[in-house]
Amino acid sequence: MAELTLIQKICIWAIPVIFAVTVHEAAHGWAASKLGDQTAKMLGRLSLNPIKHIDPLGTVVLPLLMLAMSPFIFGWAKPVPVDWRNLGKPRRDMALVALAGPAANLLMLVFWALLAKAVLLFEGALSDIALPMFYMALAGVSINIVLMVLNLLPLPPLDGSRVVSSLLPPRIEYQYSRLERYGLVILILLLITGVLGKLLWPPVAAVQSLVYHLLGI
C-alpha cells in the first residue's frame, strides 16, 4: 500500500486494528467466563464495544506511529482481568484463556481473507468501493496474523507465556512469571532494535503466503 497517503492508510487500517485488539481481549474474557471466572463479565469487558477495551497507547498511538514508519504494525488493548482463583483447573484454564486471544485473531484473519476473496469475485458489482474494501480486508488479514504470532511469543505477559507457565514446575514458573513486570520494556527494546521484526517476519510471512495461496489472492 505504498501508493496510499498516510490519511488513506489510517482510514483503511483503523477498523481492522480496533476490532483485532477488541475481539482478542473479549475472547479472553469469554473463555474465562466459560471456565468459571466472571470478573471480566462483571466489569463489562465481554462487550465488543471498542471503547471498553481501547488503550490510548497500544490501540491508538503505537499503531499510528508504526503505520507511518514501519512495514507492519501491531498494538494492544487494555488487558481483560482474569482471577485464576475462580478457575476450576487454574494452570490448564489460564493457558486456555490465553489461547482464546490468538484463536480469535485466527478467526478474524479468515473472515478478512474471505472478504478479500469476495471483493475480487464481485468487483464489478461493488465498483467504487471495491478497492478500499479490498485494501481494508488485506489490512485485516495482516494485523490479525501479526497479533496472533506476536501473542504466541513466550514473553510475559504475552499469551504464549501463559501456555509456557502452565507447563513449568511451580518453582520455575514463579521465576519465569517475574519477567512480566519488565515485559513491556523488553518488547519495546526488541521493537526498537529490530529484533522483534526479525522474530515475527518469517512466521508472519509464511502464514500470509499460505492464506493468499489458498484463496488465490
Side-chain angles (χ1 to χ4, degrees), residues 17 19-50 52-55 57-59 62 74-111 143-191 195-196 198-204 206-207 210:
V17 168
F19 279 98
V21 297
T22 294
V23 177
H24 178 103
E25 292 301 332
H28 286 314
W30 177 84
S33 177
K34 293 299 182 181
L35 292 169
D37 177 43
Q38 306 304 323
T39 304
K41 184 176 182 179
M42 290 187 295
L43 294 175
R45 295 296 303 280
L46 295 189
S47 172
L48 292 178
N49 180 357
K52 294 184 177 291
H53 302 282
I54 285 177
D55 177 274
L57 175 61
T59 315
L62 183 62
F74 69 89
W76 62 82
K78 293 186 295 186
V80 164
V82 177
D83 189 340
W84 60 269
R85 294 169 297 184
N86 296 325
L87 301 173
K89 297 182 179 179
R91 286 168 62 86
R92 183 206 67 180
D93 292 350
M94 281 300 294
L96 294 176
V97 169
L99 288 173
N105 291 126
L106 176 60
L107 291 176
M108 282 188 287
L109 82 85
V110 171
F111 164 79
I143 185 61
N144 280 288
I145 292 175
V146 170
L147 286 181
M148 181 178 67
V149 173
L150 173 67
N151 277 284
L152 290 175
L153 293 178
L155 172 66
L158 298 178
D159 298 330
S161 70
R162 309 300 188 195
V163 179
V164 172
S165 291
S166 71
L167 301 174
L168 294 175
R171 180 178 296 182
I172 299 177
E173 178 194 1
Y174 172 74
Q175 297 298 329
Y176 177 64
S177 65
R178 294 181 67 185
L179 288 173
E180 183 166 342
R181 71 186 72 177
Y182 311 110
L184 181 58
V185 175
I186 295 173
L187 192 62
I188 292 175
L189 287 176
L190 291 176
L191 175 63
V195 174
L196 184 63
K198 292 179 181 179
L199 289 174
L200 291 181
W201 180 245
V204 166
V207 175
L210 176 62

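These numbers come from the heavy atoms of this one structure, side chains and all, not from hydrogens, waters or symmetry mates.
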Quiz prompt | Derivation and outcome, salt bridge (Lys or Arg N to Asp or Glu O under 4.0 Å), residues Glu25 and Lys52 | solution = CA-CA 10 Å; Glu25 292 301 332; Lys52 294 184 177 291; over 6 Å; no
Self-check item: Chi angles and distances behind the side-chain contact (heavy atoms from CB on, under 4.5 Å) call for Lys78, Ile54
Solution: CA-CA 6 Å; Lys78 293 186 295 186; Ile54 285 177; over 6 Å; no
Practice problem: Check the pair Val21 / Leu147 against side-chain contact (heavy atoms from CB on, under 4.5 Å), numbers first and verdict last. | Solution: CA-CA 8 Å; Val21 297; Leu147 286 181; 3.8 Å; yes
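Taking CG from Asp93 and CG from Leu87, the interatomic distance works out to 5.0 Å, rounded to the nearest 0.5 Å. Taking CD1 of Ile145 as the reference point, atom CG of Asn105 lies at 10.5 Å (rounded to 0.5 Å). Atom CG of Leu191 is separated from atom CG of Leu200 by 9.0 Å, given to the nearest 0.5 angstrom. Distance CD1/Ile172 to OG/Ser165: 11.0 Å, rounded to 0.5 Å. Taking CH2 of Trp76 as the start and CG of Leu57 as the end, the distance is 4.5 Å to the nearest 0.5 Å. Rounding to the nearest 0.5 angstrom, the gap separating the CG atom in Leu153 from the CG atom in Leu196 is 7.0 Å.
Remark: side-chain polar atoms of Ser161 are paired, donor with acceptor, to backbone N or O of Leu158 under 3.5 angstrom. Listed for the His53 side chain is a donor-acceptor partner under 3.5 Å among the backbone atoms of Ser47. When atom types are taken as modelled, the side chain of Asp37 and the backbone of Ser33 share no donor-acceptor pair closer than 3.5 angstrom. Judged purely by atom type and a 3.5 angstrom limit, His28 uses its side chain to pair as donor or acceptor with the backbone of Val97. Checking side-chain atoms of Thr22 against main-chain N and O of Leu48 turns up no donor-acceptor pair under 3.5 Å. Proximity of a side-chain donor or acceptor of His24 to a complementary backbone N or O of Gly101 within less than 3.5 Å is detected.
Minimum heavy-atom separation, Ala26 to Val80: N-CG2, 4.5 Å. When all heavy atoms of Leu43 and Pro81 are compared, the closest pair comes out as CD1-CG, 3.4 Å. Minimum interatomic distance between Ala20 and Asn144 (heavy atoms only, all atoms of both residues): CB-OD1, 3.5 Å. In this structure, Ala100 and Ala31 approach most closely via the heavy-atom pair CB-CB, 3.6 Å. Nearest approach of Pro156 to Tyr176, heavy atoms of both residues: CG-O, 3.7 Å. Considering all non-hydrogen atoms of both residues, Leu155 and Gly183 come closest at CD2-O, 4.1 Å.
At a threshold of 4.5 Å between non-hydrogen side-chain atoms, the residues Met108 and Val23 count as touching. By the 4.5 Å heavy-atom criterion applied to side chains, Leu99 and Val163 are counted as neighbours.
Tested against Met148, the residues Asp159, Ile143, Leu109 include a single side chain to side chain contact (heavy atoms under 4.5 Å, CB included) partner, Leu109. Screening Ile186, Val185, Leu184, Leu190 for a side chain to side chain contact (heavy atoms under 4.5 Å, CB included) involving Ile188 leaves a single residue, Leu184.
Under a 4.0 Å N-O distance rule, the pair Glu180/Arg162 qualifies as a salt bridge.
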